[in-house]
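To start, the structure under review is shown below, and the notes come after it.
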There are 2 protein chains.
Amino acid sequence: MTAEISTIRTEFIDFMGRALEQQGLSPIAGRILGLLIFDGDARSFSELAEELGVSRGSISANAKLLVHKGTIVKENRAGDRQDYFRIAEESFEVMLTSLRERVLQTASSVQDFADALPGDQSARRRLCGMAEFYRAMAEGIALAKARLAKIRC
Amino acid sequence: MTAEISTIRTEFIDFMGRALEQQGLSPIAGRILGLLIFDGDARSFSELAEELGVSRGSISANAKLLVHKGTIVKENRAGDRQDYFRIAEESFEVMLTSLRERVLQTASSVQDFADALPGDQSARRRLCGMAEFYRAMAEGIALAKARLAKIRC
DNA sequence: CATTGTGTTCAATTTCAACTGAACGCAAAT
DNA sequence: ATTTGCGTTCAGTTGAAATTGAACACAATG
């Protein structure tokens with residue numbers, strides 16, 4: 001890998017750390033994801049800790065989280081006790097799916113608040129509108145997912 | 001307002017504090033928004049501070065932020081030196097618009113990373129796919145906005 | 001002119017999640 | 001049986017963001 005590409009790689013990993021931080025994940029989770037997306041192939045637990053310059057404890061916690069969310073997958077190799085991680089094939093779809101679920105959950109909560117109010121309350125109308133808002137978001141995400149699937153094929 | 005409705009109102013305000021915290025805003029900003037959405041009409045600066053039980057400094061900072069984002073509007077009345085705030089008519093549209101812009105900005109950044117790589121790098125393909133992902137998201141948000149506008153009319 | 005009622009500012013405090021690193025448990029290798 | 005290499009755990013630390021509250025500036029009021 002040329003020095004030039006190596007620089008881009010580092011910057012991309014940093015970028016991902018910041019980008020996913022905005023979405024509620026920790027910077028380290030974002031950087032792990034960034035590294036694995038950039039490289040494409042699998043990286044060992046130790047490689048991750050060393051290359052990102054973070055503690056093994058952090059890799060353990062954050063890799064586990066990402067595996068649980070389905071954005072990365074753990075691999076194990078015969079005769080090698082290390083854990084390896086790679087980006088999940090369907091990582092983007094997974095992100096959209098969980099995002100959509102969160103949005104729908106919010107819509108449902110807001111709808112519950114609305115339903116608890118008498119029909120003559122103007123607040124009820126506003127909360128219903130807000131629930132509609134979140135449902136519209138969810139629909140938009142579903143569209144994005146469909147569109148993404150089409151591009152892939 | 002009955003005690004029952006008052007309870008729902010308080011819980012909704014709390015809910016909004018937590019919900020908007022997830023989206024990168026401060027809890028107090030979320031609670032201001034929640035209060036104004038629930039009540040519908042305008043509330044004075046002091047009323048907000050008192051009802052939410054927070055300092056005037058916090059109201060000042062957070063209300064200014066929400067006004068700047070366009071989700072609430074400031075009103076002033078003849079013969080009354082206080083500032084009043086109410087939920088913006090187009091608050092949801094505004095949220096979707098700014099969300100879409102953020103997503104498009106991210107898509108653009110990722111595309112820049114991809115474009116900086118030689119064509120033979122497999123990383124380039126993956127980053128392009130990621131940029132597509134964000135563009136698909138943006139399109140989904142546009143759909144949500146259109147759908148929301150339709151419901152309103 | 002002094003006072004009162006505004007919103008703003010900013011330094012200090014508080015809070016909270018991220019992160020570390022040492023201790024640990026476990027399994028494979030020697 | 002001991003050592004080595006692995007991932008996990010958790011108590012402690014750190015750092016950043018939210019919040020406070022007192023000082024302030026300003027304008028209206030008395």
Side-chain angles (χ1 to χ4, degrees), chain A residues 10 13-36 42-69 71-86 102, chain B residues 10 13-36 42-69 71-86 102:
Chain A
T10 304
I13 291 172
D14 279 6
F15 168 82
M16 287 295 287
R18 290 190 301 272
L20 271 73
E21 196 176 4
Q22 280 196 324
Q23 321 225 351
L25 288 186
S26 71
I28 291 186
R31 298 180 67 206
I32 292 174
L33 204 54
L35 190 156
L36 294 179
R43 288 283 170 262
S44 75
F45 188 101
S46 313
E47 281 176 307
L48 291 177
E50 199 170 335
E51 260 207 89
L52 297 178
V54 299
S55 71
R56 287 184 300 149
S58 287
I59 297 296
S60 176
N62 287 288
K64 188 193 285 185
L65 174 70
L66 290 173
V67 167
H68 179 256
K69 297 195 77 167
T71 53
I72 71 175
V73 293
K74 183 162 84 164
E75 285 183 355
N76 284 285
R77 302 172 180 181
D80 188 340
R81 288 158 55 200
Q82 281 198 90
D83 291 347
Y84 287 79
F85 300 94
R86 74 163 63 243
R102 276 220 317 277
Chain B
T10 303
I13 291 172
D14 279 7
F15 168 81
M16 286 295 285
R18 290 190 301 272
L20 271 72
E21 196 175 3
Q22 280 195 324
Q23 321 226 351
L25 288 186
S26 71
I28 291 185
R31 299 179 66 206
I32 291 174
L33 203 54
L35 191 155
L36 294 180
R43 288 282 170 263
S44 75
F45 189 100
S46 312
E47 280 177 308
L48 291 177
E50 198 169 336
E51 260 208 89
L52 298 177
V54 299
S55 70
R56 287 183 302 147
S58 287
I59 297 296
S60 177
N62 287 288
K64 187 194 283 185
L65 175 71
L66 291 173
V67 167
H68 179 256
K69 297 194 77 167
T71 51
I72 70 175
V73 293
K74 182 162 85 164
E75 285 183 355
N76 284 287
R77 301 172 180 180
D80 188 340
R81 288 157 56 200
Q82 279 198 89
D83 292 346
Y84 286 79
F85 299 94
R86 74 162 63 243
R102 275 219 318 275

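On a predicted model such as this, the values are computed, not experimentally measured, just so you know. In what follows, chains are A, B, ... by sequence order, proteins preceding strands, each numbered from 1.
Minimum atom distance to the side chain of A/Ser58 is reached by C/dC19, of the listed C/dG7, D/dT20, C/dC19. With C/dG7, D/dG7, D/dT20 as the candidates, the nucleotide lying closest to the side chain of A/Ser60 is D/dG7. Checking C/dT6, D/dT8, C/dG5 against the side-chain heavy atoms of B/Arg81 singles out C/dG5 as nearest.
For the pair A/Asn62 CG and D/dG7 P, the computed distance is 15 Å after rounding to whole Å. Taking atom CZ on B/Phe45 and atom C1' on C/dG5, their separation rounds to 12 Å, with Å as the unit. One interatomic measurement links the two molecules: CD1 of A/Ile59 to C1' of C/dC19, which rounds to 11 Å at whole-angstrom precision. Atom pair A/Tyr84:OH and D/dG7:P shows a separation of 9 Å (rounding to whole Å applied). If you measure from atom CG of A/Leu65 to atom P of C/dC19, you get 11 Å, rounded to the nearest angstrom. D/dG21 atom C1' lies 9 Å from atom CZ of B/Arg56, rounded to whole Å. Atom CD in B/Glu50 sits roughly 16 Å away from atom C1' in C/dG7 (whole-Å rounding). Summarising the geometry, the separation between CG on A/Leu48 and P on D/dC6 is reported as 13 Å, rounded to the nearest angstrom.
Shown here is B/Gln23, whose CD atom has more than 12 heavy atoms of other residues, nucleotides or ligands within 6.0 Å. Other residues, nucleotides and ligands contribute more than 12 heavy atoms inside 6.0 Å of the CD atom of B/Glu75.
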Check your understanding: Would A/Asp14 and A/Arg31 count as a side chain to side chain contact (heavy atoms under 4.5 Å, CB included) if you check the C-alpha gap in whole Å, the side-chain angles of each, and the deciding distance to 0.1 Å?
Key -> CA-CA 6 Å; A/Asp14 279 6; A/Arg31 298 180 67 206; 4.0 Å; yes
Exercise for review: Step by step, work out the side chain to side chain contact (heavy atoms under 4.5 Å, CB included) result for B/Ile13 and B/Glu51.
Suggested key: CA-CA 11 Å; B/Ile13 291 172; B/Glu51 260 208 89; 5.7 Å; no
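For D/dT9, the OP1/OP2 oxygens have a side-chain nitrogen or oxygen of A/Lys64 closer than 4.0 Å.
Minimum interatomic distance between A/Val67 and A/Lys74 (heavy atoms only, all atoms of both residues): CG2-N, 4.3 Å.
With rounding to the nearest 0.5 angstrom, the CG atom of B/Leu48 is 5.0 Å from the CD1 atom of B/Ile59. Here the straight-line distance linking atom CG of B/Leu33 with atom CD1 of B/Ile72 works out to 7.5 Å at 0.5 Å rounding.
Proximity of residues 25-35 of chain B to DNA chain D (heavy atom under 4.0 angstrom from any strand atom) is restricted to B/Ser26, B/Pro27, B/Ile28.
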